[in-house]
Amino acid sequence: MRKSIKKTIALTLSAIMALSLTACSGGNSSDGSSGGSGSGGSGDGGQVELKFSWWGGDSRHEATEKAIQAFMAKYPNITVTAEYGAWSGWEEKQALNIMGGNAADVMQINWNWIESYSGNGKNFANLEDYKDVLDLTQFPAESLELCKADGKLMAVPVALTGRLFYWNKTTFDEVGVAIPTDEASLFAAGEAFKAFDEDYYPLAMGEYDRMIFLVYYLESIYGKPWVQDGQLQYTAEEIAAGMEFMNKLEDGHVIPTLAVLNGDMADSIDKNAKWIDGKYAGILEWDSSASKFEQAVKESTNKPGQEFVIGDFIKFGDYDGGFTKISMGLAVAASSAHPKEAAMLINFLLNDPEGVEICSTERGIPCSAAAVQVLNEKDLGNALVKEANAKVLGFSKFPLDTKFEHNDLKANPDGVYYKVFGKLSSDDIDAAKAAEDLMKGINECLGN
């Protein structure tokens, strides 16, 4: 049986779901208005209030707020309230809102939320019902299929994404060592950084970053997907070898221990003073996140004007490791009193030239053909994000299974990834035990 989303909220979720079922039996939302399906909403142009929730960095927040203002100017009868924040704790909060029928009308969601929280097509509106205001023809059919549950379109895919290496070239030049391209140069950098200053590291990775790096490393060595058809493809011995490599990265001063990283007291690496000031000089991150990391180092008050660059995929074996996925989607809550207007907001953000121009590449390179056309015609978008997206889509070919980002695995601090890598880093468990615990948690999540 799968673990609950989090032990600390399991009973709360059960209670909320029970209340939600009771409320649903009356056919109305809690404010007495008809909820979510068909042609619901204010088709007559009456006053409508929507809430839009998303997570991200400062540049995404600023662009999205500006786009909301433009949308409200275009549709004066619609008022949109923004709710946003950093990723830390975001999924747990939104899970409660979704399951309790209190979700925002429009939600930025992770791709795996469709499986985890859609209730098999019940908790999000079927966006195919609103094709009159949301142009779905702009999106690849295969991407739309990946966003369905029970044959219903639960979200519109925003972008395709993957992870790659970024580096602070200024720091590498200062230390006097080359940016890593293979295993040997990665460990040479660790040695050079340690000799330069004990507080400096060529690469910084949190618990979830380490999980993604582990998969990248193993796929590079063995050339097979992490999970396929709901089955883990790696043996305990192979995973243990990967865990040994993670220990080697810490021992070689390539990455700080998690105790050091967590001691920095930052919500995320882009907000970490050591990243901002160049002491942490590398990351393995999503192509869509490039701008916030670049902005952080370039705007450092202690060390302004640092150069942030995309690196090569580090060579560990004979294969091209790493995966790509739908980065995120925009969904409408089934409980929304105004699903049509909510769909209009999604169309404005993803297809409308004005909305596309404002949001640009803040959520990655768009899936929408109309959006790509706008960006190309007007030469818009972060050049770094465009370069990163092209690079990762051209390199990483392995699929991502739908459970990889399940909250039971990636939740901070109670998810399997956080527990396993935390214990490994603190030497509470060895590599073999880390592999055993990781496999157990993943197989439980997969239902095996």
Side-chain angles (χ1 to χ4, degrees), residues 36 41 48 50-56 60-61 63-68 70-72 74-75 78 80-85 87 90-91 94-95 97-98 103-118 121 123-140 143-149 152-161 286 288 325-336 338-372 374 405:
V48 169
L50 300 175
K51 181 184 283 187
F52 177 23
S53 69
W54 73 89
W55 73 88
R60 181 181 296 172
H61 300 332
T64 308
E65 285 195 298
K66 185 177 179 182
I68 287 172
F71 175 79
M72 291 191 295
K74 186 170 185 176
Y75 302 102
I78 305 176
V80 181
T81 301
E83 177 189 17
Y84 56 83
W87 172 254
W90 188 263
E91 182 171 352
Q94 299 308 317
N97 287 338
I98 293 167
D105 299 273
V106 178
M107 292 171 284
Q108 175 182 297
I109 67 170
N110 256 342
W111 174 54
N112 69 301
W113 290 20
I114 293 170
E115 181 174 59
S116 297
Y117 307 126
S118 74
N123 292 330
F124 302 140
N126 182 2
L127 293 179
E128 290 183 325
D129 290 342
Y130 305 101
K131 290 187 290 187
D132 57 329
V133 295
L134 173 55
D135 185 2
L136 298 176
T137 66
Q138 299 299 326
F139 302 89
S143 296
L144 291 174
E145 282 299 317
L146 291 172
C147 292
K148 289 184 178 181
K152 303 168 188 173
L153 185 63
M154 298 285 93
V156 177
V158 174
L160 295 176
T161 189
W286 303 112
S288 56
K325 65 157 191 164
I326 292 174
S327 62
M328 61 185 69
L330 292 181
V332 173
S335 57
S336 174
H338 304 290
K340 183 173 183 178
E341 286 78 5
M344 289 166 61
L345 175 57
I346 292 176
N347 191 74
F348 181 82
L349 295 170
L350 302 187
N351 290 328
D352 188 288
E354 186 178 10
V356 170
E357 183 171 347
I358 295 169
C359 290
S360 189
T361 54
E362 282 301 328
R363 288 178 172 82
I365 304 303
C367 280
S368 164
V372 170
V374 170
E405 297 180 308

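Owing to the predicted nature of the structure, the values given are computational and were not obtained by experimental measurement. Worth knowing before you read on, the calculation uses all heavy atoms, side chains too, and leaves out hydrogens, waters and symmetry mates.
Lys51 contributes atom NZ, which lies 8.5 Å from atom CG of Asp105 (distance to the nearest 0.5 angstrom). Atom-to-atom distance recorded for Leu345:CG and Leu134:CG is 10.5 Å, nearest 0.5 angstrom. Note that CZ of Phe71 and CZ of Phe348 are 7.5 Å apart. Values are rounded to the nearest 0.5 Å.
Within the 4.5 Å cutoff, the side chain of Ile68 has heavy atoms near those of the Met72 side chain. The shortest distance between side-chain heavy atoms of Trp113 and Glu91 falls below 4.5 Å. No side-chain heavy atom of Lys340 sits under 4.5 Å from any side-chain heavy atom of Val48. Met107 is listed as a side-chain neighbour of Ile98, based on a closest heavy-atom distance under 4.5 Å. Contact annotation: the side chain of Phe124 approaches that of Ile109 to within less than 4.5 Å [non-hydrogen atoms, C-beta and beyond]. Taking 4.5 Å as the limit, every side-chain heavy atom of Pro366 sits out of range of all side-chain heavy atoms of Leu350.
Shown here for Ser327 and Asn110, the closest heavy-atom pair between the two residues is O-OD1, 3.4 Å. Ala149 and Ile114 get closest at one heavy-atom pair: CB-CG2, 4.1 Å. The two residues Leu153 and Leu144 have their closest heavy-atom pair at CD1-O, 3.5 Å. Heavy-atom minimum distance, Val133 versus Ala343: CG2-CB, 3.9 Å. Between Cys359 and Ala67, the shortest heavy-atom distance links the atoms SG-CB, 3.7 Å. Residue Cys147 comes nearest to Ala155 through the heavy atom pair CB-O, 3.3 Å, listed as atom of the first residue, atom of the second, then distance.
Although no hydrogens or angles enter the test, the distance criterion places a donor-acceptor pair under 3.5 Å between the side chain of Asn123 and the main chain of Tyr117. No side-chain donor-acceptor contact under 3.5 Å links Glu128 to the backbone of Lys152. In this structure, the side chain of Ser360 does not engage the main chain of Glu362 through any donor-acceptor pair within 3.5 Å. The backbone N or O of Arg363 lies less than 3.5 Å from no partner atom in the side chain of Arg60, so there is not a single donor-acceptor pair. Counting only distance, with no hydrogens or angles, the side chain of Trp111 and the backbone of Glu405 share no donor-acceptor pair below 3.5 Å.
Using modelled atom types, one finds a donor on one side chain and an acceptor on the other under 3.5 Å when comparing Tyr84 with Glu65.
Taking the six-membered ring for Trp and thresholds of 30 and 60 degrees, Phe52 and Trp54 have ring planes inclined between 30 and 60 degrees apart.
A side chain to side chain donor-acceptor pair (under 3.5 Å) with Ser368 holds for exactly one of Asp352, Asn347, Asn351; it is Asn351. Considering Ile365, Val158, Thr161 as possible partners of Ser288, the one that fulfils the side chain to side chain contact (heavy atoms under 4.5 Å, CB included) test is Thr161.
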* To do: Starting from the C-alpha separation in whole Å, work towards a yes-or-no answer on side chain to side chain contact (heavy atoms under 4.5 Å, CB included) for Trp286 and Lys325.
  => CA-CA 10 Å; Trp286 303 112; Lys325 65 157 191 164; 3.6 Å; yes
* In sequence, state the C-alpha distance, the side-chain angles, and the governing distance for Met344 and His338, and then conclude on side chain to side chain contact (heavy atoms under 4.5 Å, CB included). => CA-CA 10 Å; Met344 289 166 61; His338 304 290; over 6 Å; no
* Asked: Under the side chain to side chain contact (heavy atoms under 4.5 Å, CB included) criterion, do Ile326 and Leu160 qualify, and how do the steps go?
  -> CA-CA 4 Å; Ile326 292 174; Leu160 295 176; 3.8 Å; yes
* Checking side chain to side chain contact (heavy atoms under 4.5 Å, CB included) for the pair Leu330/Gln108: CA distance, chi angles, key distance, verdict? -> CA-CA 5 Å; Leu330 292 181; Gln108 175 182 297; 4.0 Å; yes
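Annotation for Lys148: atom NZ counts as buried by contact number, over 12 foreign heavy atoms lying within 6.0 Å.
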